[in-house]
Amino acid sequence: MNWTQLLVPVTSGVSVALIVATVRFLWRRTRLPTGLSQRMTRRNYLAEMLVISKNDNVERLDALVPNLLPAQGSPVLLEIQESWAQINGRRGVRVITRTEPASLTAGAELLGAGIEVRVSRALTADHLSYHLFSGSEHHTVLNRRNGGKDRPERLDEISAAKVFRSHFDETWNESEPLESFLAGELLAGSNSGLADRIREQRAAYQLPAKAEDAILRHLAFRHRAPVVFVTGLPGAGKSLVRRALAEELRRWRMQVDELNDYVYAFEEFLHALMLLGDGRGAGFSAQQGGAFQVEREDDLRPALHTLGHRVWENRRSNPITIVEFARADTIGALQVFGDEVLAASQIVHVRASDTERAARLARRGEPPKISVAGQSISLEVSDEHRLPSNAADTLYSRDDFALLKAQKNIAGRLFLVENDSEGKAHIDEQVTAFVETVVRPYRGLART
């Protein structure tokens with residue numbers, strides 16, 4: 001095995017010469033002894049990596065490894081992976097690799113061990129690679145390729161590591177989770193059925209069970225639930241469910257955008273309140289506590305259209321969008337988003353008793369937060385905003401879950417969350433059940 005293929009290049013735009021020159025500048029400026037830089041040979045590289053990886057004083061590892069290779073039965077590489085898993089249990093391991101099949105296979109091995117791996121499409125195989133070990137001790141292992149030859153070195157000083165850590169964080173933020181990348185590969189394939197593509201991908205990358213399950217979660221939501229509507233009457237607990245669902249999906253490293261129509265309705269209200277004369281906010285009136293009232297539900301339709309436009313924008317960038325809104329006519333409100341969005345969506349309806357909802361609404365009353373900086377004014381609205389009692393009584397007099405359930409075009413995509421009891425644990429259990437409902441059919445495809 002060519003040990004150098006474990007090491008990593010730097011993304012485009014950052015040259016080897018620039019980084020090396022910066023490190024040398026730091027050495028001269030701080031007058032570090034030359035002993036802090038240790039040249040390593042090919043023969044002792046993997047052994048050195050293993051020693052550092054097994055050091056109990058190392059608590060964190062960030063590694064840019066475009067040419068990451070799978071262990072393929074190598075005892076040393078298997079032991080390094082096991083050591084990285086132990087570091088991951090302390091403060092974490094993050095690995096960036098590139099889109100080459102061998103690198104993706106190796107990344108899947110790490111993902112199967114619980115290590116977070118991201119893929120950068122910008123990485124090449126011909127530049128600098130580095131591993132940043134930190135804790136009570138700091139070690140940076142890097143490799144400079146020159147004329148096809150590898151020149152690995154070890155730097156035992158925190159100042160040099162800062163140069164690479166800044167670059168790593170920037171590259172990390174621009175990279176895509178490995179499981180999301182591989183889910184995208186499944187969605188892009190068209191020569192065979194989805195079940196066949198899942199089996200082909202498993203074989204091509206030798207996916208461990210844990211890695212495949214993570215990929216299937218991303219696949220399920222991107223394919224079957226890129227939009228999740230959270231509906232229900234005011235006080236039912238929609239915001240609590242929306243936040244719990246977003247937290248659960250982000251735990252699986254999905255990109256999530258949370259939208260709430262109240263923000264857009266409040267914008268309409270401000271236009272009317274400030275008498276801007278643009279016709280917006282018709283039917284809105286101010287209420288105590290920073291709240292507003294509308295005469296009829298149709299006055300809220302422009303806000304729903306703005307929300308629908310945001311959902312369409314998100315579909316182009318592929319995040320999971322969670323959309324929260326309250327309407328007496330939920331079916332009519334959903335039609336605003338269009339048949340294409342509805343066909344690729346799930347609906348989570350939150351329900352609570354009238355008594356419980358009234359008690360929650362009575363406790364709500366957090367006004368908007370306003371801050372002024374120079375000529376800029378920022379306004380932040382809360383999920384716990386006040387709702388005038390007359391609006392709660394007239395606009396939202398009854399829950400329409402039964403009507404929703406009768407709609408054939410959303411059959412199999414409607415999930416009910418009961419929220420009469422207080423406590424986040426109760427919500428978390430139901431959110432987990434919803435996620436499993438979305439993912440389960442794709443696990444079934446993987447078994448066929």
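Values in this document were obtained by computation on a predicted structure and should not be read as measured data.
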message = Take a 6.0 Å sphere around CG of Asn173 and say whether it holds more than 12 heavy atoms from other residues, nucleotides or ligands.
response = yes
inquiry  = Please confirm whether the ring centroid of Phe325 lies under 6.0 Å from the ring centroid of Tyr262.
reply    = no
key: Test salt bridge (charged side-chain N to carboxylate O under 4.0 Å, His left out) applied to Glu200 - qualifying residues, sequence neighbours left out   = none
ask   = Which pairs with one or both residues in residues 371-380 pass salt bridge (charged side-chain N to carboxylate O under 4.0 Å, His left out), sequence neighbours excluded?
value = none
inquiry  = According to ring pair (Phe, Tyr, Trp, His ring centres under 6.0 Å), who are the partners of Tyr396, at least two apart in sequence or on a separate chain?
reply    = none
ask   = Sub-3.5 Å donor-acceptor pair from the side chain of Arg413 to the main-chain atoms of Asn409, do we have one?
value = yes
ask   = Side-chain donor-acceptor pair under 3.5 Å between Arg222 and Ser180, yes or no?
value = yes
task = Would you indicate whether the side-chain heavy atoms of Arg364 and Asp383 approach each other to under 4.5 Å?
result = no
Which residues share a salt bridge (charged side-chain N to carboxylate O under 4.0 Å, His left out) with Arg90, sequence neighbours left out = Asp56
Under 3.5 Å, which donor-acceptor pairs do the side chains of residues 100-108 form with other protein atoms, sequence neighbours left out?
unit_1, atom_1, unit_2, atom_2, d
Ser103, OG, Pro66, O, 2.6
Ser103, OG, Leu68, O, 3.3
Thr105, OG1, Pro101, O, 2.9

task = Look only at the side chain of Arg360 and the backbone of Ala236, and say whether a donor-acceptor pair between them is shorter than 3.5 Å.
result = yes
key: Glu109-Tyr205 side chain donor-acceptor pair, cut-off 3.5 Å   = no
ask   = More than 12 non-hydrogen atoms from neighbouring residues, nucleotides or ligands closer than 6.0 Å to NE2 on His309, yes or no?
value = no
ask   = In terms of side-chain geometry, is the basic nitrogen of Arg243 or Glu247 positioned less than 4.0 Å from the acidic oxygen of its partner?
value = no
Side chain to side chain donor-acceptor pair (under 3.5 Å) involving Glu116 - partner list, sequence neighbours excluded = none
